[in-house]
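Before any comments, here is the structure.
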Amino acid sequence: MEEILYYTMLFDLYGELLTSKQQDYFKDYYFNNLSLQEIAENYNVTRNAIHNQLREAREKLEYYDKILCLSIKQEKLKKIIAK
């Protein structure tokens, strides 16, 4: 569950930097709760292709966050606002 929240938060910050296919697959998997097989059937591709695209999307999101650090900045802002 924590992993899902982490990646959806990163997607909110950096999702536009992913390819349109990666965005679609990511939304179906994480937001619409579809299985890899269901997504593969919807897009007429293999389950393995979906798996690879989701893995690549997660890696890109982590990379962008490592470089831009927006998630850390967002947390700091939340703490400041809470005070």
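We number each residue from 1, following the sequence as shown. Given the structure is predicted, the values throughout are model-derived calculations rather than measurements.
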Checklist entry - Are Leu13 and Ile72 connected, step by step, through hydrophobic side chains (Ile, Leu, Val, Met, Phe, Trp, Tyr) whose heavy atoms are closer than 4.5 Å? => result no
Checklist entry - Would you say Glu59 has more than 12 foreign heavy atoms packed within less than 6.0 Å of its CD? => result yes
Next on the checklist: To the closest 0.5 Å, what do you measure between OH (Tyr25) and NZ (Lys27)?
Outcome noted: 13.5 Å
Checklist entry - Taking atom CZ of Phe31 as the centre, does the number of heavy atoms from other residues, nucleotides or ligands within less than 6.0 Å exceed 12? => result yes
Checklist entry - Taking NZ, NE, NH1 and NH2 as the nitrogens, is one of them in Glu75 or Lys79 under 4.0 Å from a carboxylate oxygen of the other? => result no
Checklist entry - Where the side chain of Glu41 meets the backbone of Glu38, is there a donor-acceptor pair that is under 3.5 Å apart? => result no
Next on the checklist: Before you tell me yes or no, could you show the steps for Asn33 and Asp28 under side chain to side chain contact (heavy atoms under 4.5 Å, CB included), namely the whole-Å CA-CA distance, both residues' side-chain angles and the distance that decides it to 0.1 Å?
Outcome noted: CA-CA 6 Å; Asn33 202 29; Asp28 281 347; over 6 Å; no
Next on the checklist: Would you compute the distance between atom CG of Leu36 and atom NE2 of His51 and round it to the nearest 0.5 angstrom?
Outcome noted: 7.5 Å
Item to check | Steps toward side chain to side chain contact (heavy atoms under 4.5 Å, CB included) verdict (Lys60, Leu17) | outcome: CA-CA 9 Å; Lys60 282 184 179 180; Leu17 299 173; over 6 Å; no
Checklist outcome for this item: Distance col, row Asp12:CG vs Tyr7:OH, nearest 0.5 angstrom, shows 15.0 Å
Checklist entry - Side chains of Phe26 and Gln22: closer than 4.5 Å at any heavy-atom pair? => result no
Checklist outcome for this item: Looking only at heavy atoms, the pair that brings Tyr29 and Leu34 closest together is CD1-O, 3.4 Å
Next on the checklist: Less than 4.5 Å apart, side chain to side chain, heavy atoms only: is that true for Ile39 and Asn32?
Outcome noted: no
Checklist entry - Does any donor atom in the side chain of Tyr30 or Arg58 lie under 3.5 Å from an acceptor atom in the other side chain? => result yes
Checklist entry - Would you say the side-chain atoms of Gln23 pair up with the backbone N or O of Leu18, donor to acceptor, closer than 3.5 Å? => result yes
Next on the checklist: Please check: side-chain N/O of Asp65 versus main-chain N/O of Ser71, any donor-acceptor pairing under 3.5 Å?
Outcome noted: yes
Checklist entry - Of all heavy-atom pairs between Leu68 and Lys73, which one has the smallest distance, and what is that distance? => result O-NZ, 3.5 Å
Next on the checklist: Taking Ile50's backbone N and O only, do any of them form a donor-acceptor pair with Gln53's side chain (distance below 3.5 Å, no angle check)?
Outcome noted: no
Checklist entry - What is the ring orientation for Tyr14 with Tyr64, classed by angle as parallel under 30°, tilted 30 to 60°, or perpendicular over 60°? => result tilted
Item to check | Under-4.0 Å salt bridge between Lys66 and Glu62 | outcome: no
Next on the checklist: I need the Lys76 NZ to Ile81 CD1 distance, nearest 0.5 Å.
Outcome noted: 14.5 Å
Checklist entry - Tell me, do Lys21 and Asp24 make a side-chain contact under 4.5 Å, heavy atoms counted? => result no
Checklist entry - Would Leu77 end up clustered with Leu5 when hydrophobic side chains under 4.5 Å apart are linked, directly or stepwise? => result no
Next on the checklist: If I take atom CD from residue Glu56 and atom OG1 from residue Thr19, how far apart are they, to the nearest 0.5 angstrom?
Outcome noted: 7.0 Å
